[in-house]
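Here's the structure we're looking at; comments come further down.
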Amino acid sequence: MRTPRRDDPDYQAARQRMVEHQLAARDITDQRVLAAMAAVPRELFVPDSLRHQAYTDGPLPIGEGQTISQPYIVAFMAQALDLAPQDRVLEVGTGSGYGAAVLALMAAEVITIERHRTLAERARATLREAGIENVTVITGDGSRGYSEKAPYDGIIVTAGGPRIPDSLRKQLASGGRLVMPVGSSRTLQTLVRLRRTESGFQEEPLVAVRFVPLVGKEGWGD
Ligand code: SAM
């Protein structure tokens, strides 16, 4: 596994506690997920004024009315994706870039797409600062996916939509997994896992969640 460049002993200890108390003590058992979450300096991905809260058990605001997700949810979704080291992943909803950084340590390549230009630019800079080189940040509407690099072995959507976009289904490789919050309300969803098989798709509900809305052509309207 590649290791991000910068680290600080105090944050490292806080991160280790997060992994033990918030992840392993719950139901995160995938050692690759636990190792990635123990390696990524989450404090780099939150606003400076909130760094002291970087390892608390919840989401934090990152600007533009958006959030960096709770560490447990990041781990849960990464575990549900069931990634292999050679996989290529699409993340819809870059936000701070933290989730992309975690996935980058578990997969070969991550393409992440964010509709807010300011967030995309900041995430790009933070990922560079963290020494993570296998993530490409795109600005645009990820509800339509990113066909230029399809198909993907894993697709993760970190914002809630009314349904799984057809474009994302089409961009999923055979054998690939997609994880996304889906719900008929803009704020309450069920996390769903979709697997593409040779004969079609298998869909499985995982857990109730609360995400910011997926705003775009194949998500909610603006
Ligand atoms: N993965 C992020 C992280 O680690 O910080 C958390 C993402 S936040 C919960 C959801 C993000 O999805 C927001 O930054 C939001 O702007 C973005 N988003 C919503 N609709 C989108 C769309 N259609 N395309 C791309 N990004 C979108």
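Distance CG/L172 to CD1/I155: 5.0 Å, rounded to 0.5 Å.
At distances below 3.5 Å, not a single donor-acceptor pair connects side-chain atoms of R210 with backbone N or O atoms of Q189. Counting only distance, with no hydrogens or angles, the side chain of T158 and the backbone of V92 share a donor-acceptor pair below 3.5 Å. For the pair Q202 (side chain) and T197 (backbone), a donor-acceptor distance under 3.5 Å is absent. Of the possible polar contacts, none joining the E109 side chain to the A104 backbone as a donor-acceptor pair under 3.5 Å is found. Proximity of a side-chain donor or acceptor of T67 to a complementary backbone N or O of S69 within less than 3.5 Å is not detected. Using modelled atom types, one side-chain atom of S185 and one backbone atom of L188 make a donor-acceptor pair closer than 3.5 Å. Judged by distance alone, with hydrogens and angles left aside, the side-chain atoms of R196 form no donor-acceptor pair with the main-chain N or O of A173 at under 3.5 Å. T190 contributes no side-chain N or O that, together with a main-chain N or O of V192, makes up a donor-acceptor pair within less than 3.5 Å.
In the model, E43 has a side-chain atom that pairs as donor or acceptor with a side-chain atom of Y55 under 3.5 Å. With 3.5 Å as the limit, one finds a donor-acceptor pair spanning the side chains of E64 and T118. Checked by atom type, the side-chain pair D141/Y146 shows no donor-acceptor distance below 3.5 Å. In summary, the side chains of E198 and S174 do not present any donor paired with an acceptor at a separation below 3.5 Å, with no hydrogens or angles considered.
At a threshold of 4.5 Å between non-hydrogen side-chain atoms, the residues R51 and L44 count as touching.
The two residues P165 and L214 come nearest to each other via the heavy atoms CG-CD2, 4.4 Å. Among all heavy-atom pairs drawn from L191 and P181, the shortest one is CD1-N, 3.7 Å. Contact record, A120 with V137: O-CG1, 3.7 Å, taken as the closest heavy-atom pair. The two residues R186 and V215 have their closest heavy-atom pair at NH2-CG2, 4.2 Å. Closest non-hydrogen pair, G161 versus W220, comes out as CA-NE1, 3.7 Å. The shortest heavy-atom contact between F211 and G160 is CB-N, 3.8 Å.
A salt bridge links D222 with R115: the closest approach of a Lys/Arg side-chain nitrogen to an acidic carboxylate oxygen falls below 4.0 angstrom. In this structure, R15 does not pair ionically with D10, as no charged nitrogen and carboxylate oxygen lie closer than 4.0 Å.
By the ring-ring contact (aromatic ring centres under 6.0 Å, His included) test, F45 pairs with Y98, sequence neighbours left out.
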For this session: Might you work through the side chain to side chain contact (heavy atoms under 4.5 Å, CB included) test for E121 and L119, ending with a clear yes or no?
Result: CA-CA 5 Å; E121 282 170 1; L119 295 181; over 6 Å; no
For this session: Output, in order, the C-alpha distance, side-chain angles, deciding distance and verdict of side chain to side chain contact (heavy atoms under 4.5 Å, CB included) for I138 and I111.
Result: CA-CA 7 Å; I138 309 287; I111 314 298; 4.0 Å; yes
For this session: Please assess M37 against L23 for the test side chain to side chain contact (heavy atoms under 4.5 Å, CB included), listing each intermediate value before the final yes or no.
Result: CA-CA 9 Å; M37 300 279 295; L23 311 183; 3.8 Å; yes
For this session: Just do the side chain to side chain contact (heavy atoms under 4.5 Å, CB included) check on S96 and R122 with the steps written out, would you?
Result: CA-CA 7 Å; S96 66; R122 198 186 312 142; over 6 Å; no
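Identified under the side chain to side chain donor-acceptor pair (under 3.5 Å) test for residues 73-93, with sequence neighbours left out: D87-R177, E91-T112. For residues 150-174, the set of pairs meeting the salt bridge (charged side-chain N to carboxylate O under 4.0 Å, His left out) definition, not counting sequence neighbours, comprises R169-E203.
Geometrically, R42 does not engage Y11 in a cation-pi contact, judged by NZ or CZ lying under 6.0 Å from the ring centre and within 45° of the ring axis.
When the side chains of ILVMFWY residues are joined at heavy-atom separations under 4.5 Å, either directly or via intervening members, V157 and L194 end up in a single hydrophobic cluster. Hydrophobic clustering (ILVMFWY, side-chain heavy atoms < 4.5 Å, transitive): V212 and V74 are in distinct clusters. The hydrophobic clustering, which links ILVMFWY residues whose side-chain heavy atoms are closer than 4.5 Å, places I164 and V209 apart.
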